[in-house]
Amino acid sequence: MTEVKNGDTVRIHYTGTLADGSVFDSSEGRDPLEFTVGSGQVIAGMDAGLPGMRVGDKKRLEIPADEAYGPLNPEARQAIPREGIPDDIPLELGTQLQMQSPEGHVLPVTVVEVTEATVTLDANHPLAGKDLTFDIELVSIG
C-alpha cells in the first residue's frame, strides 16, 4: 500500500479541538480537505504528521502552538482612537473586521476591547498561542 510522502496531494477528514475539548473546526458534513503535503498549505504540525500514513488510517495529531499558528504577538494588538472608526462599523467584542495595511494587504482583525476613547483591535490569528489537536482520517492519496 502507498504511504504519504512530501509532495503528495492528499484528502483528509478532520476534527480540530482545543485543550478544553471544544471543537474549533471540522470537515464533518463537508468534502474532505485537499492539499499537497509539505507545501505549506496547512499548518506545519499537520504537514509533519501525515508522512507514513496510508489510506484509511486514522491518527491524532497534538500540535503545539509554535507548529500551528504561532505564539500570540502583543504587537499585533493596537488601540486606535474611537473617532477614527466610522459610526456604521459594529464595535461589539469579538466582531471580525478587515483593515488594510500600508502595503495594501487586507488584514483580518478582531475587536477585543472598547472604551469611550479607544477601540483595541487584534490582528493575531484567533488560534495563535493555542495548542491544537486534530483527529484525522486519510481518505485518499493522489
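A salt bridge links Arg30 with Asp25; the closest basic N to acidic carboxylate O contact falls under 4.0 Å. With salt bridges taken as basic N to acidic carboxylate O contacts below 4.0 Å, none links Arg54 and Asp57.
Proximity of a side-chain donor or acceptor of Asp131 to a complementary backbone N or O of Pro64 within less than 3.5 Å is not detected. Remark: side-chain polar atoms of Ser101 are paired, donor with acceptor, to backbone N or O of His105 under 3.5 angstrom. With hydrogens and angles ignored, the 3.5 Å screen pairs no side-chain donor or acceptor of Thr118 with any backbone N or O of Ala79.
Proximity of Val139 to Glu34: side-chain heavy atoms (C-beta onward) are nowhere separated by under 4.5 Å. Between Asn124 and Tyr69, the closest side-chain pair of non-hydrogen atoms is not below 4.5 Å. The shortest side-chain heavy-atom distance between Phe35 and Arg11 does not fall under the 4.5 Å cut-off. Side-chain contact between Asp8 and Glu3 is absent, with no heavy-atom pair separated by less than 4.5 Å. Side-chain contact between Leu121 and Val112 is absent, with no heavy-atom pair separated by less than 4.5 Å.
Ile85 and Leu97 fall within the same hydrophobic cluster, where Ile, Leu, Val, Met, Phe, Trp and Tyr residues are linked whenever their side-chain heavy atoms come under 4.5 Å apart, directly or through other members. Residues Met46 and Leu127 share a hydrophobic cluster, clusters being chains of Ile/Leu/Val/Met/Phe/Trp/Tyr side chains in contact below 4.5 Å. At a threshold of 4.5 Å between side-chain heavy atoms, the hydrophobic network of Ile, Leu, Val, Met, Phe, Trp and Tyr places Ile43 and Leu18 in one connected group.
Between Phe24 and Phe134, the ring-plane angle classifies as perpendicular under the 30° and 60° cut-offs.
Only one option out of Ile12, Val10, Thr9 pairs with Val4 in a side-chain contact (heavy atoms from CB on, under 4.5 Å); it is Val10.
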